[in-house]
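When a ligand or atom number is given, it counts from 1 through the structure's own listing order. Note that the structure is a prediction, hence the values are computed from the model and not measured.
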Amino acid sequence: MAVQTTIYHDLLKELENTAVTLVAVTKTKPIEDIQELYALGHRDFGENYVQEIQEKYPVLPNDIRWHFIGHVQSNKVKYIAPYVFMIHGVDSFKLLQEINKQAVRNNRVIHCLLQIHIAEEETKFGLNEEELFELLYNFNNGDLKNVMICGLMAMASFTDDFSIVRREFKSVKVMFDKAKEMYFKRIDDFSSISMGMSNDYKIAIEEGSTIIRIGSKLFGSRN
Ligand SMILES: *Cc1c(COP(=O)(O)O)cnc(C)c1O
């Protein structure tokens, strides 16, 4: 299935007077889909498998901002560190240290979001509130100059009950505000909340999201 350009333009209209960034999630989708959206002016693309982003990155324009939205294993950070714009799924201090190390090697700063576990499913990665503040404490007392913590990321439960989804998103905003107050009060870069996918992005925006990650709505369902 081709890119849903009408839906894309409708989405842009919806976001027009907001500060919300649309990340187009292209996992499992062909290069041509990315090129098509790129030709329309889109620059923020999201992938969540290292092997796949490694194959796509070299053959696409280098002004694309690549968002790594999945869980990245420490030993794979080195592959994406030369070019990744933002890593959304950081959920341990150890991983943050590794990202910093690889960022230093590449003489660049990598934007990171800390992933919060809010969903009911146990399989999803992420920090609980206590772990989040422990990580922030360690970061604050450390010396990781080549990572920039820009905010939080979360995935809601896979459910039709949108009251649960809304409650989960609300809890992320509460944690974000608390983290901002405690550690990033005067740091403008701590300003992002990445939450909301094809089925729940409207709720996410209502609850304070600044980055939505949309895949199937733009590119059709994945196999
Ligand atoms: C696949 C994926 C998305 C996009 O999901 P859609 O429901 O297709 O919009 C967003 N975020 C993450 C982390 C994903 O893995």
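- Sequence neighbours left out, the pairs with a member in residues 4-34 that pass ring pair (Phe, Tyr, Trp, His ring centres under 6.0 Å) are Tyr8-His42.
- Below 30°, between 30° and 60°, or above 60°: for Trp66 and Tyr57 the angle between ring planes is above 60°, a perpendicular geometry.
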For ligand 1, what N or O to protein N or O distances fall under 3.5 Å?
{"residue": "ligand 1", "atom": "8 (O)", "partner": "Ser216", "partner atom": "N", "Å": "2.7"}
{"residue": "ligand 1", "atom": "8 (O)", "partner": "Ser216", "partner atom": "OG", "Å": "2.9"}
{"residue": "ligand 1", "atom": "8 (O)", "partner": "Arg222", "partner atom": "NH1", "Å": "2.8"}
{"residue": "ligand 1", "atom": "8 (O)", "partner": "Arg222", "partner atom": "NH2", "Å": "3.0"}
{"residue": "ligand 1", "atom": "9 (O)", "partner": "Ser198", "partner atom": "N", "Å": "3.0"}
{"residue": "ligand 1", "atom": "9 (O)", "partner": "Ser198", "partner atom": "OG", "Å": "2.5"}
{"residue": "ligand 1", "atom": "9 (O)", "partner": "Gly215", "partner atom": "N", "Å": "2.8"}
{"residue": "ligand 1", "atom": "11 (N)", "partner": "Arg213", "partner atom": "NE", "Å": "2.8"}
{"residue": "ligand 1", "atom": "15 (O)", "partner": "Lys27", "partner atom": "NZ", "Å": "2.6"}
{"residue": "ligand 1", "atom": "15 (O)", "partner": "Asn48", "partner atom": "ND2", "Å": "3.0"}

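- Classification of the Phe190-Phe184 ring pair by plane angle, with boundaries at 30° and 60°, yields parallel.
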Item to complete: Would you please test Glu129 and Lys178 for salt bridge (Lys or Arg N to Asp or Glu O under 4.0 Å) and show each step?
Response: CA-CA 10 Å; Glu129 182 164 2; Lys178 192 170 160 188; 3.0 Å; yes
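- Between His71 and Phe125, the two ring planes are parallel [angle under 30°; tilted spans 30° to 60°].
- Here the two rings, on His111 and Phe85, have centers that are under 6.0 Å apart.
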